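Predicted model only: the values in this text are computed from it and were never measured.
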Amino acid sequence: LLALLMAGMALYVQAREVYSVVVQDIDYYPIYRADPLTESYSGYVRDLMDAFASDQGIRFEYRVRPIRRMTKEYLAGQYDFALPDNPKWDQAAKDGLSIHYSEPLLTFEDAVFVPKDRQSMQMEEMTDYGTIYGFTPWKFRPLINSGQIELKTASKPANLIRMALADRVTAFNLAVPVAKYHFQDMGIEGRFAAAPNLMPLANSHYHLSTLEHPDLIRAFNRFIRNHQAEVQSLLRKYGLR
């Protein structure tokens, strides 16, 4: 009987529809953490996606890719979904494509950080801008294109912060919860502060997107609206509320 039960469960798992989700190969914890070597994916958005998949009786398989490769392959139709995504990202590459976006999986504050003693830095004093390699610096694109500020990149938040500690970059952009997590993890709380004159604290959004499955995007939106207790519990679990 046990053997029959296990066989039945295996058949059920195999019968569930499987969808591919391409994700960024970045440690952006607590929002998400991806390891390209093991294809592992964890953090808040993974837990939220798994809760939705369980509710729908489907399964997601995550494909960890470098950001630029992720975008190119996704827009070429190689994956069912991209996570995270945003309508403001890679607009030129997306031109002419019909992309469906979910309601926000997460709303968070975005900030440009500088050494705490330079927190009042003005835009005309800004000489560089640090961000994660592959991120779209759309808020500062005109200043970068004009040569007013120099774009500097790192492969992950910890490396970006180390660059700032070594005075290799003065101003760097991170999601506030990600920055706080890494400041604490590295034991450097109080060394850096958000610079409101460079970029006022404002809400940013992460979405799930698809080219082929708008029906699942609609189902995902309903899930978020109808399972707010579960969503809020996950946000608290990861210190995002």
Side-chain angles (χ1 to χ4, degrees), residues 24 26-33 43-45 67 83-92 101-207 231-232 234-241:
Q24 301 170 340
I26 295 172
D27 181 354
Y28 218 53
Y29 198 82
I31 301 175
Y32 60 88
R33 174 184 285 149
Y44 164 75
V45 293
I67 296 174
L83 178 68
D85 202 355
N86 188 296
K88 294 179 179 179
W89 300 348
D90 303 295
Q91 289 181 338
Y101 294 92
S102 74
E103 294 175 5
L105 287 79
L106 177 68
T107 298
F108 58 92
E109 288 185 325
D110 208 16
V112 170
F113 291 90
V114 296
K116 187 160 186 166
D117 60 359
R118 302 194 66 185
Q119 188 175 7
S120 60
M121 182 186 293
Q122 301 294 316
M123 186 67 73
E124 57 269 20
E125 300 175 90
M126 189 177 179
T127 58
D128 57 31
Y129 170 77
T131 189
I132 302 299
Y133 179 79
F135 278 21
T136 305
W138 59 271
K139 296 173 184 176
F140 290 90
R141 178 63 73 187
L143 297 174
I144 294 168
N145 289 345
S146 68
Q148 182 176 332
I149 61 175
E150 181 184 0
L151 176 64
K152 298 182 179 180
T153 61
S155 61
K156 54 187 180 181
N159 288 350
L160 191 59
I161 295 168
R162 291 188 187 102
M163 287 170 61
L165 289 169
D167 295 325
R168 291 170 51 206
V169 66
T170 306
F172 60 95
N173 175 224
L174 285 174
V176 170
V178 174
K180 287 183 175 178
Y181 170 81
H182 285 283
F183 292 160
Q184 183 177 15
D185 187 57
M186 299 168 74
I188 57 169
E189 298 102 319
R191 291 286 299 274
F192 299 98
N197 297 323
L198 301 184
M199 188 171 78
L201 284 174
N203 286 338
S204 293
H205 308 282
Y206 279 166
H207 305 261
V231 172
Q232 294 302 316
L234 287 175
L235 288 169
R236 288 192 297 271
K237 173 185 174 180
Y238 286 99
L240 297 169
R241 280 291 181 275

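L106 has its side chain within reach of L235: a pair of non-hydrogen atoms, C-beta onward, lies under 4.5 Å apart. Looking at P30 and L240, their side chains come closer than 4.5 Å, going by heavy atoms from C-beta outward. Side-chain contact check for E109 versus N203: some heavy-atom pair is nearer than 4.5 Å. Looking at heavy atoms from C-beta onward, F140 lies in side-chain contact with M126 at the 4.5 angstrom threshold. Contact check for V45 versus P84: no side-chain heavy atoms found under the 4.5 Å cut-off. Side-chain contact between P177 and Y238 is absent, with no heavy atoms from C-beta onward closer than 4.5 Å. At least one side-chain heavy atom of V231 sits less than 4.5 Å from a side-chain heavy atom of Y44.
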Requested in this report: Tell me, with the steps shown, if F135 and Y28 meet ring pair (Phe, Tyr, Trp, His ring centres under 6.0 Å).
Outcome: CA-CA 12 Å; F135 278 21; Y28 218 53; 5.6 Å; yes
**Report entry** Verdict with reasoning, T153 to T131, per side-chain contact (heavy atoms from CB on, under 4.5 Å)
**Finding:** CA-CA 5 Å; T153 61; T131 189; 4.2 Å; yes
Query raised in the report: Can M123 and L143 be said to form a side-chain contact (heavy atoms from CB on, under 4.5 Å), step by step?
Result: CA-CA 10 Å; M123 186 67 73; L143 297 174; 3.7 Å; yes
Report task. Would you check, one step at a time, whether the test side-chain contact (heavy atoms from CB on, under 4.5 Å) holds for V176 with F108? Result -> CA-CA 7 Å; V176 170; F108 58 92; over 6 Å; no
Please set out all donor-acceptor pairs under 3.5 angstrom arising from side-chain atoms of residues 156-174, sequence neighbours excluded.
unit_1: N159; atom_1: OD1; unit_2: R162; atom_2: NH1; d: 2.9
unit_1: N159; atom_1: ND2; unit_2: S155; atom_2: OG; d: 3.1
unit_1: N173; atom_1: OD1; unit_2: Y129; atom_2: OH; d: 3.1
unit_1: N173; atom_1: ND2; unit_2: D110; atom_2: OD1; d: 3.2
unit_1: N173; atom_1: ND2; unit_2: A111; atom_2: O; d: 2.7

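In this structure, CG in L83 is found 8.0 Å from CD in Q24, a value given to the nearest 0.5 Å. Rounding to the nearest 0.5 angstrom, the gap separating the OG1 atom in T127 from the CD atom in Q148 is 10.0 Å. Taking CD1 from I149 and CD from E124, the interatomic distance works out to 12.5 Å, rounded to the nearest 0.5 Å. Considering OH of Y133 and CG of L151, their distance stands at 10.5 Å, rounded to 0.5 Å.
Within 6.0 Å of CD in Q232 there are more than 12 heavy atoms belonging to other residues, nucleotides or ligands.
At least one donor-acceptor pair under 3.5 Å links the side chain of H207 to the backbone N or O of S102. In this structure, Q119 contributes its side chain and A194 its backbone to a donor-acceptor pair below 3.5 Å.
Residues M121 and V114 share a closest heavy-atom pair of CE-CG1, 4.1 Å.
Ring-plane geometry between F113 and F183 is classed as perpendicular, the angle between the planes exceeding 60 degrees on a 0 to 90 degree scale with a lower cut at 30.
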